[in-house]
Asks: 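One structure coming up, written as structure tokens, with questions to follow.
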Amino acid sequence: MSLLYSFITLMLIFFMLEAPILIQAQSKKNSLVSAIFIFGDSTADPGNNNYISTPFKSNFSPYGKDFLNHVPTGRFTNGMLANDFIARYVGVKEYVPPYLDQNLSIEELKTGVSFASAATGFDPLTPKISNVMSLSKQIEYFKEYQEKMKAAIGKEQTQNLIKEALFIISAGTNDFVVNYNTLPIRSKSYTLSTYTDFLLQHVQLFLQKLVDQGARRIGMVGLPPMGCLPIVITLHSDDAFSKRNCVEFYSSIARDYNSKLQNNLNGMQIKFANLGSRFAYLDIYEPLMDMIVGHKYDFEKANYGCCGTGLLEGAFLCNPSSYVCKNASKYVFWDSIHPTEKTYYLISQTFQPTIDSITK
């Protein structure tokens with residue numbers, strides 16, 4: 001593979017999808033949930049990358065085409081993200097804003113924010129590649145958030161707020177697709193299996209930090225069937241135009257990771273049971289497979305994105321000059337990487353019982 005091809009490939013797949021994290025769109029007040037806090041990558045970033053020096057943003061059309069007032073907020077989809085639906089379901093707010101928006105009021109901050117940054121991952125190397133916020137930096141911002149809240153509402157109220165909040169973490173796909181399987185760095189030091197274990201060690205460290213900061217209700221999203229992402233199919237198919245089947249190799253990585261992740265979460269549950277902590281695995285793999293391979297629901301396109309050709313577009317390649325399909329709700333994917341708002345909504349129906357289990 002030439003250096004130029006490697007660079008182009010890397011640039012194209014920076015924003016790989018991590019599991020969409022959704023709950024049913026209907027608003028349902030859950031008095032046990034005080035706020036919602038989101039950490040992760042582009043599936044959870046509502047616009048934090050707008051405020052940092054990185055080319056990986058989506059604050060331009062056609063992103064946001066079906067959002068309120070057609071505003072491109074920095075969400076990597078045509079409308080709402082998963083965390084927006086979750087926030088509505090538990091009844092804390094309509095949309096989860098990016099923490100780095102300096103115009104947020106104390107009341108807005110009080111009900112939750114997203115610290116997520118598109119193109120990041122659990123491997124410390126992954127965010128460095130694209131100059132975005134690491135998961136460690138997101139934790140630092142969460143600490144800063146708490147100091148702001150203590151100054152505004154007091155220490156005790158802030159501690160209760162955190163204790164009764166819902167935490168969602170969604171990251172990992174960039175680590176495999178952008179980092180390990182594209183760059184010749186980690187793959188020289190780790191086998192696929194040992195790299196998976198390496199990532200899960202960082203997941204555990206991240207969860208430990210959250211617990212240390214007072215988090216008690218935590219939902220961890222698994223990996224999606226990565227081999228079914230349109231851009232992965234395009235880059236790894238023998239004939240990207242006529243052979244659009246999922247790439248089993250990448251999906252098998254996700255299955256192995258998800259299995260180990262569930263075991264780790266069970267261990268965390270036992271370890272922190274005395275604190276009243278609840279850890280839940282949020283399965284995105286099977287619901288997406290139902291949509292893509294099982295042809296569940298009424299989607300017409302499952303292996304092309306709505307934006308542009310649907311083969312390679314994502315971030316700056318999906319822009320105001322791009323062709324856009326007439327009805328995004330007929331597509332599983334908005335661009336060649338990220339799901340449409342409808343996909344997020346449908347997945348929410350499978351997530352509802354899990355969210356209930358950690359918030360009630």
Asks: Quick check for you: to the nearest 0.5 Å, what is the distance between S336 atom OG and L235 atom CG?
Replies: 8.0 Å

Asks: Tell me if a side-chain donor or acceptor on S114 pairs with a main-chain N or O of P46 at a distance below 3.5 Å.
Replies: no

Asks: Treat each ILVMFWY residue as a node, draw an edge where side-chain heavy atoms are under 4.5 Å apart, and state whether L205 and V221 are in one component.
Replies: no

Asks: For K360, does its backbone N or O pair with a side-chain atom of R278 as donor and acceptor, under 3.5 Å?
Replies: yes

Asks: Give a yes-or-no answer on whether the side chains of D41 and T120 include a donor-acceptor pair shorter than 3.5 Å.
Replies: no

Asks: Measure from NZ or CZ of K209 to the centre of the six-membered ring of F206, then state whether that distance is under 6.0 Å and the direction lies within 45° of the axis.
Replies: no

Asks: Strictly under 6.0 Å, is that where the ring centroids of H236 and Y250 end up?
Replies: yes

Asks: Is the cationic atom of K150 (NZ for Lys, CZ for Arg) positioned less than 6.0 Å from the six-membered ring centroid of Y145 and within 45 degrees of its normal?
Replies: no

Asks: Where the side chain of N131 meets the backbone of T54, is there a donor-acceptor pair that is under 3.5 Å apart?
Replies: no

Asks: Between the side chains of Q204 and K271, is a donor N or O closer than 3.5 angstrom to an acceptor N or O?
Replies: no

Asks: Centroid-to-centroid, F299 to H295, below 6.0 Å?
Replies: no

Asks: Which residue is it: D45, D66, D84? I am looking for the one with a salt bridge (Lys or Arg N to Asp or Glu O under 4.0 Å) to R75.
Replies: D84

Asks: Does R217 make a cation-pi contact with F167, if we ask for NZ or CZ under 6.0 Å from the ring centre and within 45° of the axis?
Replies: no

Asks: Would you mind checking if E140 and K137 are paired as a salt bridge, meaning a charged N to carboxylate O distance below 4.0 Å?
Replies: no

Asks: Decide if atom NZ of K296 counts as having more than 12 heavy atoms of other residues, nucleotides or ligands within a radius under 6.0 Å.
Replies: no

Asks: For residues Y95 and F67, establish whether the separation of their ring centroids is below 6.0 Å.
Replies: yes

Asks: Taking S34 for its side chain and L161 for its backbone only, find out whether a donor-acceptor pair lies under 3.5 Å.
Replies: yes

Asks: Indicate yes or no for a side-chain donor-acceptor contact from N78 to the backbone of E341 under 3.5 Å, with no hydrogens or angles considered.
Replies: yes

Asks: Under 3.5 Å, is there a donor-acceptor pair between the Q262 and N266 side chains?
Replies: no

Asks: Taking the six-membered ring for Trp and the full ring for Phe, Tyr or His, determine whether the centres of F351 and Y89 are under 6.0 Å apart.
Replies: no

Asks: Look only at the side chain of S322 and the backbone of G308, and say whether a donor-acceptor pair between them is shorter than 3.5 Å.
Replies: no

